[in-house]
Amino acid sequence: MNLFKPLDPTEGSSAKKELSIENAEKVKTLIIGSGPAGYTAAIYAARAGLSPVMYEGLQPGGQLTTTTEVENYPGYPQGVTGPVMMEDFKAQAQRFGADCRWGIATSLDTTDRPFKVVVDEEKMILAETVILATGATAKYLGLESEQKFMGSGVSACATCDGFFYKNMDVAVVGGGDTACEEASYLANICSKVYMIVRKDYLRASKAMQERVLSNPKIEVLFETNTLEVTGDTVVKGAKLVKNQGLANEKEFTIDISGFFVAIGHKPNSELVEGVVDMDEIGYIKTIPGTSKTNIPGLFACGDVQDPVYRQAITAAGSGCQAALDAERFRNEFPL
Ligand code: NDP
């Protein structure tokens, strides 16, 4: 996917002009990325008088715009769809003056304050503080059938969608901590949970492994891969293969209504690779209990810094923290 918007040749000279520091736009707080974390940061920053500018990124609204019903976000007693919820968040931020723009931050220089941020490779912004809210992207197997049933039985979030499969049989793909956690969560709701694990062991922590292996509602299918998710308009089953590529390879099917993919997430942190401290997967490290990165004035919130909870409500909470941290930082270190 091309992350960069091509430059319009007719705009070449004005684009260059905007990239110079003299013509750069000065911003108190720049928010990079939308979604519950970014929009919440925008609401709080706007109300604190920081006149935040937000660049919404490639997928305005973030991961929630690919989900259907959200039933676990407080304040929506009847539930709400992910896209509508994100529209509500955005409208609330705009009501207080947040400037939400279409665009992608393509580089960030934190050598000095104000930070230099280039947007769409053609516009320079000088930002006193920057809040990173670029989120994470769930990994999928890459099957055509998986894509076909996205939102109609295929999900990457058991906490979000598990409830729709109450008393039904479901499957979880993956053998890490997330997959074990999702399987345990689903076992409390569903009749049966298959775990489809490609190796002959679980990669998850010992405690997590014990939890799933001792749960009578969870059946772990080791050395098993998915060939296809099957169904008509909704998921009805999955075609699996055991010992793929070996002499004793065996295909079989399972009847399921939900297919949960839990093979990891990719934090969207490329923009600050080599700039801020990250863990080995690429999650931005923040000082516990805060949104502060190792660079003063640069804050991170939401899924780009959270490998554990990854919920809309926790992302929103951390977005609030980021705005409050940015406001206090500006007061303490004015430019
Ligand atoms: P992991 O990378 O740890 O695990 C991914 C799992 O998916 C592995 O079992 C992997 O198999 C499998 N997998 C990857 N690609 C495929 C594929 N194409 N087909 C089939 N299976 C595949 O990701 P997690 O999201 O589980 O965890 C990420 C990090 O977050 C970890 O450090 C984890 O410990 C942490 N975490 C901690 C939690 C907690 O403390 N409560 C909760 C959740 C996560 P294989 O082993 O063969 O590579």
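Numbering of ligands and ligand atoms starts at 1, following listing order. The chain is numbered in sequence order, starting from 1. As the structure is a computational prediction, the values presented were derived from the model and not from experiment.
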What residue and atom, counting heavy atoms only, is the protein's closest point to [atom], and at what distance?
atom: atom 4 (O) of ligand 1; result: Gly176 CA, 3.7 Å
atom: atom 9 (O) of ligand 1; result: Gly175 N, 2.8 Å
atom: atom 32 (O) of ligand 1; result: Ile281 CD1, 4.2 Å
atom: atom 25 (O) of ligand 1; result: Thr178 OG1, 2.6 Å
atom: atom 19 (N) of ligand 1; result: Leu141 CD2, 3.4 Å

Return the option from Arg198, Arg203, Lys199 holding the heavy atom at the smallest distance from atom 21 (N) of ligand 1.
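Minimum heavy-atom distance to atom 21 (N) of ligand 1 goes to Arg198.
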Atom 12 (C) of ligand 1: which of Ile263, Asp177, Val172 has the nearest heavy atom?
Ile263
Is the backbone N or O of Glu228 less than 3.5 Å from a side-chain atom of Thr226, with the two atoms forming a donor-acceptor pair by type?
no
Any donor and acceptor pair, going by atom type alone, linking the side chain of Thr230 with main-chain N or O of Gly237 inside 3.5 Å?
yes
State the atoms of ligand 1, each with its element, that fall below the 4.0 Å cut-off from a heavy-atom position in Gly264.
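Checking each atom against Gly264, I get 23 (O), 25 (O).
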Between Pro36 and Phe89, what is the shortest heavy-atom contact and its length?
CA-CE2, 3.6 Å
Answer yes or no on whether Lys166 is positioned over the face of Phe164, meaning its NZ or CZ is under 6.0 Å from the six-membered ring centre and within 45° of the axis.
no
Answer with side chain, backbone, both or neither: which part of Glu181 has a heavy atom less than 4.0 angstrom from an atom of ligand 1?
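Contact part for Glu181 vs ligand 1: side chain (C-beta onward).
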With a heavy-atom distance limit of 4.0 Å, tell me whether Leu202 approaches ligand 1 through its side chain, its backbone, both, or neither.
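Contact part for Leu202 vs ligand 1: neither.
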Is it the case that the ring center of Phe260 lies less than 6.0 angstrom away from the ring center of Tyr165?
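Between Phe260 and Tyr165, which both carry aromatic rings, the centre distance is below 6.0 Å.
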Would the Tyr194 and Phe259 ring centres measure less than 6.0 Å apart?
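No, ring centres 6.0 Å or more apart.
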Does any non-hydrogen side-chain atom of Met124 lie less than 4.5 Å from one of Lys116?
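They are in side-chain contact.
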Rounded to the nearest 0.5 Å, what's the gap from CD1 on Ile43 to CD1 on Ile31? Could you check?
9.5 Å
Contact bool for atom 40 (O) of ligand 1 (protein heavy atom, d < 4.0 Å)
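No, no protein heavy atom sits under 4.0 Å from atom 40 (O) of ligand 1.
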